[in-house]
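By convention here, the first residue in the shown sequence is residue 1.
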Amino acid sequence: MFNGSLLFLLLLLMIGLIVKNNSLLVAIIVLIVLKLGGLDSKSFTYIQSKGINWGVTVITIAVLAPIASGEIGFKDLSSAFKSPLAWVALISGMIVALLAKGGVSLLEHDPHITTALVLGTILSVSIFKGVAVGPLIGAGIAYTAMKMINFFS
């Protein structure tokens, strides 16, 4: 029952408790429950193949919620294009989306990289009081850096 993967999850659970990262805690608890419930063989493969898309969908819903609630409307959209800061935000959003696209590709082709990304996120949250935005953008930055290294070497 206590194999290496369960011990690894328990170690991450302890780290998640220490750094008080609720997203990490929920994710690990769900995986431990699935594993202990014997549902890991099929569910982990399915989660691994569809989970990133689910996460992107949830984030998109959260981003669009102010539009749906009426908090942001067409007036805000038109006035946003008059501000230089809004243009910086627009371009930044586009760059982050492109980085995340590379991250999805990297995680699909090299899922082992997730361990280093999660560890980096945990270290940043615990040492530098960073915000855990998940491994996707980290994977995108890593993917871009790897492409640049390959290009120049």
Side-chain angles (χ1 to χ4, degrees), residues 2-36 39-67 72 77 80-153:
F2 279 98
N3 59 21
S5 62
L6 184 59
L7 289 175
F8 198 164
L9 286 172
L10 291 172
L11 173 65
L12 289 174
L13 182 68
M14 296 299 288
I15 293 170
L17 286 168
I18 292 168
V19 300
K20 298 176 183 154
N21 183 327
N22 290 334
S23 298
L24 183 62
L25 290 171
V26 169
I28 293 168
I29 290 169
V30 166
L31 294 172
I32 289 172
V33 167
L34 289 172
K35 189 162 190 63
L36 293 177
L39 302 171
D40 54 329
S41 62
K42 292 183 181 179
S43 63
F44 287 175
T45 303
Y46 187 73
I47 290 169
Q48 187 174 345
S49 69
K50 303 290 183 189
I52 290 176
N53 290 331
W54 296 341
V56 169
T57 300
V58 170
I59 290 170
T60 303
I61 290 168
V63 169
L64 295 177
I67 294 171
I72 296 175
L77 178 63
F81 289 109
K82 297 174 186 170
S83 161
L85 294 178
W87 282 99
V88 170
L90 175 74
I91 293 167
S92 297
M94 293 171 67
I95 290 169
V96 167
L98 290 172
L99 286 172
K101 176 183 174 185
V104 170
S105 175
L106 180 64
L107 292 176
E108 285 175 355
H109 295 99
D110 294 314
H112 66 278
I113 203 80
T114 304
T115 304
L117 292 166
V118 169
L119 181 59
T121 300
I122 291 168
L123 290 172
S124 177
V125 168
S126 60
I127 297 170
F128 304 112
K129 305 293 185 216
V131 177
V133 294
L136 188 57
I137 193 63
I141 293 169
Y143 176 84
T144 302
M146 290 174 189
K147 289 292 184 180
M148 290 173 67
I149 290 168
N150 286 339
F151 180 77
F152 290 111
S153 61

Separation between CG of Leu64 and CD1 of Ile72, rounded to the nearest 0.5 Å: 9.5 Å
Heavy-atom pair of closest approach, residues Gly16 and Leu25: C-CD2, 3.6 Å
Tyr46: partners by ring-ring contact (aromatic ring centres under 6.0 Å, His included), with sequence neighbours left out: Trp54
Close side-chain approach of Leu39 and Val33, heavy atoms under 4.5 Å: no
Ser153: partners by side-chain contact (heavy atoms from CB on, under 4.5 Å), with sequence neighbours left out: Ile149
Pairing residues for Leu99 by the side-chain contact (heavy atoms from CB on, under 4.5 Å) criterion, not counting sequence neighbours: Ile95, Ile137, Ile141, Thr144
CG-CG distance between Leu17 and Leu12, expressed to the nearest 0.5 angstrom: 11.0 Å
Spatial distance of atom CD1 (Ile18) from atom CG (Leu13) [nearest 0.5 Å]: 10.0 Å
Nearest-0.5 Å distance, CG of residue Leu10 to CD1 of residue Ile15: 11.5 Å
Under the side chain to side chain donor-acceptor pair (under 3.5 Å) test, residues paired with Ser5 that sit two or more places apart: Asn3, Lys35
Show every donor-acceptor pair shorter than 3.5 Å between a side-chain atom in residues 83-91 and any protein atom, with sequence neighbours excluded, or say none if there are none.
residue	atom	partner	partner atom	Å
Ser83	OG	Leu85	N	3.2
Ser83	OG	Ala86	N	3.3
Trp87	NE1	Phe81	O	2.7

Separation between CD1 of Ile29 and CG of Leu9, rounded to the nearest 0.5 Å: 11.0 Å
For the student: nearest non-hydrogen atoms of Ser43 and Leu34, plus distance: OG-CD1, 3.9 Å
Partner residues of Ala142 under the side-chain contact (heavy atoms from CB on, under 4.5 Å) criterion, sequence neighbours left out: Leu106, Met146
